[in-house]
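Whatever order the structure lists ligands and atoms in, that order sets their numbers, starting from 1. Just so it is clear, the values below take in all heavy atoms, side chains as well, and ignore hydrogens, waters and symmetry mates.
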Amino acid sequence: MTTNCAGCAEASEKAKELKKIIAKYKDTRGALIPVLHEAQEVYGYLPLEVQREISLGLDIPLAEVYGVVSFYTQFSINPKGKYQINVCMGTACYVKGSNEILDKFKTRLSIDVGDCTDDQKFSLDACRCIGACGLAPVVTINDEVYGKLTADDVDDILDKYEDK
Ligand code: FES
């Protein structure tokens, strides 16, 4: 079959990759988690269509696949942005105002927690304590850690990434 658009070609490449991953683990016990990991590496997240393929390919009920995906925080059902913003909502950060910081990100990006901007540049998540409570309240963007923040810092932080 020939594909005549870049997006279609990419989708069919990914679908081929997924088939290979499923075939590689098909007869292995406990295959679901490694397959989900590898599929997420290919797609960047685990949309329902991908979960359905995995369910059919491994002969595991879709409800079970979905249960595992939604249980483990390392799996995501929504697409992630080029810059993944995580606002810590652990106790130390929360008492120091992480909620206002999260609200500011939501307003500035016009997205909710778990969503991604239309241009796929930013995604926003709230997370549990990341073990940097001395810097509370803490936000991470990919591998970058920002500490002792106030809601007023959000504009400056985002401006740095807008220019990238
Ligand atoms: S509570 Fe936020 S880093 Fe620990």
Any chance you could lay out the side chain to side chain contact (heavy atoms under 4.5 Å, CB included) test for Val113 and Phe105, step after step, and finish with the verdict? CA-CA 9 Å; Val113 171; Phe105 275 112; over 6 Å; no
Under the salt bridge (Lys or Arg N to Asp or Glu O under 4.0 Å) rule, what do Lys20 and Glu17 come out as? Steps first, then yes or no, please. CA-CA 5 Å; Lys20 274 194 218 158; Glu17 253 332 281; 3.7 Å; yes
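Classified by interplanar angle (parallel below 30°, tilted 30° to 60°, perpendicular above 60°), the ring pair Tyr146/Tyr161 is perpendicular.
When hydrophobic side chains of Ile, Leu, Val, Met, Phe, Trp and Tyr are connected at separations under 4.5 Å, Val95 ends up as a singleton with no cluster partners.
With hydrogens and angles left out, the side-chain atoms of Asp119 and Thr117 include a donor and acceptor closer than 3.5 Å.
Protein N/O/S atoms closer than 2.8 Å to atom 2 (Fe) of ligand 1: Cys88 SG, Cys93 SG.
When each of Thr150, Leu149, Asp156, Asp155 is paired with Asp152, the side-chain contact (heavy atoms from CB on, under 4.5 Å) condition holds for Thr150 and for no other.
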